[in-house]
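Below is one structure, written out as structure tokens, with a few remarks after it.
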Amino acid sequence: MLRPLQSSWLYLRWLDHQIAQLKEEIDALHEQARSQSVLIDRNRQLTQQWKSFSEEAKAQGQTTYREFCESTHQNLSDTSRLYVSEFLRVRLQIQRQENQLRQLQQQKQQISAAPQAEFRSLQDEMYPSGRGTV
């Protein structure tokens, strides 16, 4: 049967693993958010460009071309809303993951605050031939 300190040590190892995994996931989400941001910016530029084309066509009385430009502008606007929606979803997921990471780090800190003497005693049991790292 494991003593409380031994189970704490195992739990610390598990926390380390969870923390590392969360950090990787958060990094990947940040990269996804950056990519989404680039798409949003590029789409805004295109949307504005097609709006200008539409205004030019209207000024020149080119009805068919103007309708095409307006349709394209509307499609780009709709796409932009989808990009923004996805960006916001990713940002919310990042916030949730970061909150979870902070909780795990707090748990680790609380468990790690056990007296050093208890850890040395456990080290002596686990590594009787000499000091190891716990």
(request) Please identify each residue that fulfils side chain to side chain contact (heavy atoms under 4.5 Å, CB included) with Q95, with sequence neighbours left out. (result) L92
(message) Within the 4.5 Å heavy-atom criterion, are Q100 and Q18 side-chain neighbours or not?
(response) no
(request) Treat each ILVMFWY residue as a node, draw an edge where side-chain heavy atoms are under 4.5 Å apart, and state whether I94 and V38 are in one component. (result) no
(message) For Y11 and W14, take the angle between the two ring planes, folded into 0 to 90°, and tell me which bin it lands in: parallel under 30, tilted 30 to 60, perpendicular over 60.
(response) parallel
(message) I'd like to check the side chain to side chain contact (heavy atoms under 4.5 Å, CB included) partners of L39; sequence neighbours left out, ordered by chain and number.
(response) Q36, Y83
(request) State the CD-CG distance between Q106 and L101, to the nearest 0.5 angstrom. (result) 10.0 Å
(request) Return yes if a side-chain donor-acceptor contact under 3.5 Å exists between R102 and N99, otherwise no. (result) yes
(message) Membership question, hydrophobic clusters at under 4.5 Å side-chain separation (ILVMFWY): are I40 and L76 in the same one?
(response) no
(request) State which residues pass side chain to side chain contact (heavy atoms under 4.5 Å, CB included) with N75; sequence neighbours excluded, sorted by chain then number. (result) S71
(request) Could you grab the distance from atom CD of Q45 to atom CH2 of W50, nearest 0.5 Å is fine? (result) 15.0 Å
(message) Please say yes or no: joined through hydrophobic side-chain contacts below 4.5 Å, possibly via intermediate residues, are L29 and F87 part of one cluster?
(response) no
Could you pull out all donor-acceptor pairs under 3.5 Å where a side-chain atom in residues 54-69 meets a protein atom, sequence neighbours excluded?
{"residue": "S54", "atom": "OG", "partner": "E70", "partner atom": "OE2", "Å": "3.4"}
{"residue": "Q60", "atom": "OE1", "partner": "Q62", "partner atom": "NE2", "Å": "3.2"}
{"residue": "R66", "atom": "NH1", "partner": "E70", "partner atom": "OE1", "Å": "3.2"}
{"residue": "R66", "atom": "NH1", "partner": "E70", "partner atom": "OE2", "Å": "3.0"}

(message) Could you tell me if the side chain of V84 sits less than 4.5 Å from the side chain of R81, heavy atoms only?
(response) no
(message) Which residues pass the side chain to side chain contact (heavy atoms under 4.5 Å, CB included) test with R34, not counting sequence neighbours?
(response) H30, E31
(message) Could you check whether any side-chain heavy atom of R44 comes within less than 4.5 Å of a side-chain heavy atom of D41, counting everything from C-beta outward?
(response) yes
Could you go through residues 19-28 and list every donor-acceptor pair under 3.5 Å that involves a side-chain atom there, pairing it with any protein atom two or more places apart or in another chain?
{"residue": "E25", "atom": "OE1", "partner": "Q97", "partner atom": "NE2", "Å": "3.1"}

(message) Can a side-chain donor-acceptor contact be found between Q93 and R89 if the only test is distance below 3.5 angstrom?
(response) yes
(request) Using a 4.5 Å cut-off on heavy atoms from C-beta on, say whether the side chain of R13 contacts that of L10. (result) no
